[in-house]
2 protein chains.
Amino acid sequence: MSDKSTRAQIVDAADRLFYRHGFDHTSFADIAGAVKISRGNFYHHFKAKDDILDSVIETRLANTRAMLDGWENASDDPAERIRSFINILIMNEDKISKYGCPVGTLSSELAKLNHAARTDANGLFTLFRTWLARQFALLGLKDDADRLAMHLLARSQGVATLTNAFPDPAFVRHEVEQMCDWLDRCIAGAKHTGGK
Amino acid sequence: MSDKSTRAQIVDAADRLFYRHGFDHTSFADIAGAVKISRGNFYHHFKAKDDILDSVIETRLANTRAMLDGWENASDDPAERIRSFINILIMNEDKISKYGCPVGTLSSELAKLNHAARTDANGLFTLFRTWLARQFALLGLKDDADRLAMHLLARSQGVATLTNAFPDPAFVRHEVEQMCDWLDRCIAGAKHTGGK
DNA sequence: GTCTATAGATTGATAGAC
DNA sequence: GTCTATCAATCTATAGAC
């Protein structure tokens with residue numbers, strides 16, 4: 001077998017540690033300890049710490065694309081697809097209450113660090129943004145699609161941030177319900193003007 | 001003059017640097033450089049880095065209380081007070097687009113660091129939360145006051161996070177308008193059930 | 001109250017044996 | 001491909017002169 005396994009293990013451990021403790025705060029020693037290799041062996045697979053971050057972001061982008069494709073294949077109804085997005089808050093509630101949203105917290109940290117990979121990390125947001133906008137367009141809300149996508153992304157981010165500060169399943173459940181109600185009203189509004 | 005001036009300068013510089021680059025990423029050397037004192041002189045005023053963080057949080061708590069008192073004194077209308085809160089997003093748009101919300105980003109970072117001051121930092125959220133809830137109660141929405149406060153806090157946090165990732169004045173303006181509309185609908189709903 | 005000098009630990013990164 | 005040994009830089013923190 002090639003070195004793919006070790007490299008994948010490094011990226012996997014880094015992904016988890018960056019999420020849980022932040023990129024800057026995670027040291028090579030931390031990652032090496034998790035994978036159980038020596039620090040020296042590291043540089044056979046990656047030239048620098050930033051290269052690991054790049055790989056982690058690439059992995060997250062690929063995983064996110066796969067998740068969005070999965071939702072797209074799971075239902076023909078754009079509203080149902082959007083509800084899949086909204087429900088991440090409940091599916092991942094445990095992790096979010098402990099570590100926040102992996103997309104939002106990485107984006108915020110890299111912004112503060114003024115890190116070169118900041119734009120790449122924001123690509124994770126863009127992935128959700130364009131996917132959501134496409135679903136809204138399919139619902140007949142083409143003119144407002146991006147605006148609605150940004151609105152829903154913001155709502156989701158805000159709930160994640162506050163759940164991280166004040167873990168409370170009832171709060172999450174209520175906010176998710178409110179987002180679903182909002183979605184229904186959007187669709188109802190689209191049908192009224194759709195016949196024009 | 002006592003040492004108050006230097007100490008205040010340290011807290012002031014730390015406050016700014018913690019906000020701009022994060023707590024963990026800001027070193028004593030960074031703060032010392034900003035205040036233009038030597039690193040050694042530091043420990044005459046603070047025993048450890050964590051003590052500076054505590055002072056920064058205390059300062060932010062005091063400043064936030066003063067701001068909330070100011071809004072309370074500026075208007076007798078709770079709705080107008082709440083709009084003062086919503087409008088921070090526009091007032092501080094420049095800083096938010098660069099560094100995010102000072103409350104949310106500190107809360108997220110300390111959560112990842114599993115830092116002892118995490119609870120104190122979340123007190124900043126609590127300050128807004130209870131203040132907003134009181135305003136909603138004054139509007140006749142006593143039963144849902146905390147829920148509405150959390151909802152508005154979440155909306156605000158989400159807009160801040162996304163503005164940090166995608167700076168766009170039009171997005172902020174539109175979301176602020178939506179929040180004000182939402183507030184008006186809350187008040188209209190309260191008046192309907194208020195006569196009961 | 002402020003400084004210089006320095007300790008002791010940890011960081012990211014390199015060199016070279018196996 | 002993995003290891004040990006090590007470097008240079010940086011970090012928090014301390015000691016002691018002025």
Side-chain angles (χ1 to χ4, degrees), chain A residues 1-58 106 109-110 112-118 120-121, chain B residues 1-58 106 109-110 112-118 120-121:
Chain A
M1 205 187 277
S2 72
D3 67 329
K4 208 184 159 191
S5 172
T6 299
R7 191 193 150 96
Q9 273 183 290
I10 291 172
V11 175
D12 210 54
D15 189 357
R16 206 179 64 253
L17 289 168
F18 289 173
Y19 175 41
R20 297 194 173 191
H21 308 127
F23 165 72
D24 199 52
H25 193 65
T26 300
S27 69
F28 273 35
D30 294 332
I31 307 173
V35 184
K36 281 165 187 164
I37 59 169
S38 70
R39 269 171 299 171
N41 187 8
F42 244 107
Y43 295 83
H44 177 72
H45 303 278
F46 295 94
K47 275 193 299 186
K49 192 183 178 185
D50 287 352
D51 293 336
I52 302 182
L53 177 59
D54 289 341
S55 286
V56 167
I57 293 173
E58 268 178 45
L106 181 64
E109 183 184 2
L110 296 185
K112 299 225 188 238
L113 299 182
N114 205 11
H115 196 283
R118 192 192 169 187
D120 292 333
Chain B
M1 202 187 282
S2 70
D3 67 328
K4 208 183 157 192
S5 173
T6 299
R7 191 194 148 96
Q9 273 183 291
I10 291 173
V11 175
D12 210 55
D15 189 359
R16 204 178 67 254
L17 289 168
F18 289 173
Y19 176 40
R20 296 193 173 192
H21 307 126
F23 165 72
D24 199 51
H25 193 66
T26 300
S27 68
F28 274 36
D30 293 332
I31 306 174
V35 184
K36 279 166 187 162
I37 58 168
S38 70
R39 271 170 298 168
N41 188 7
F42 245 109
Y43 293 83
H44 177 72
H45 302 280
F46 295 93
K47 274 192 300 182
K49 193 183 177 185
D50 287 352
D51 293 336
I52 303 182
L53 177 60
D54 290 340
S55 287
V56 166
I57 292 173
E58 269 178 43
L106 182 63
E109 184 184 0
L110 296 186
K112 297 224 188 237
L113 300 182
N114 205 11
H115 196 284
R118 193 193 168 185
D120 293 334

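Every value quoted in this text rests on a predicted model; they were computed, and no experiment measured them. Residue numbers start from 1 in every chain, and the chains themselves are labelled A, B, ... in the order their sequence lines are given, proteins ahead of strands.
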Could you work out, with ring-ring contact (aromatic ring centres under 6.0 Å, His included) as the rule, every residue matching [X], not counting sequence neighbours?
X	value
His25(B)	none
His21(B)	none
Phe28(A)	Phe42(A), Tyr43(A)

Using the test side-chain hydrogen bond (donor to acceptor under 3.5 Å, both in side chains), find all partners of [X] that sit at least two apart in sequence or belong to another chain.
X	result
Asp30(A)	Ser27(A)
Asp50(A)	His115(A)
Thr26(B)	none

Whole-Å distance between [N] [atom2] and [X] [atom1]?
X	N	atom1	atom2	answer
His45(A)	dA13(C)	NE2	C1'	15 Å
Lys49(A)	dT11(C)	NZ	P	9 Å
Arg7(B)	dT2(C)	CZ	P	13 Å
Phe46(A)	dT14(C)	CZ	C1'	18 Å
Phe42(B)	dC11(D)	CZ	C1'	13 Å
Leu113(A)	dT11(C)	CG	C1'	15 Å

Exercise. Do any of residues 11-34 of chain B sit with a heavy atom less than 4.0 Å from DNA chain D, and if so which?
Worked result: Thr26(B), Ser27(B), Phe28(B)
For this session: With sequence neighbours left out, write down each residue that passes salt bridge (charged side-chain N to carboxylate O under 4.0 Å, His left out) with Asp15(B), or none if nothing qualifies.
Result: Arg60(B)
For this session: In sequence, state the C-alpha distance, the side-chain angles, and the governing distance for Glu109(A) and Phe18(A), and then conclude on side chain to side chain contact (heavy atoms under 4.5 Å, CB included).
Result: CA-CA 10 Å; Glu109(A) 183 184 2; Phe18(A) 289 173; over 6 Å; no
For this session: Look at the side-chain N and O atoms of His44(A) and state whether any lies under 4.0 Å from the OP1 or OP2 oxygen of dT2(D).
Result: no
Exercise. Within the pair Thr6(B) and dG1(C), is there a side-chain N or O less than 4.0 Å away from OP1 or OP2?
Worked result: no
Problem set entry | Protein-to-nucleotide contact annotation, 5' to 3' order, nucleotides 3-9 of chain C [B base; S sugar-phosphate only; - none; under 4.0 Å, heavy atom] | BB-----
Problem set entry | Gap separating the CG atom of Leu106(B) from the CD1 atom of Ile57(B), nearest 0.5 angstrom | 5.5 Å
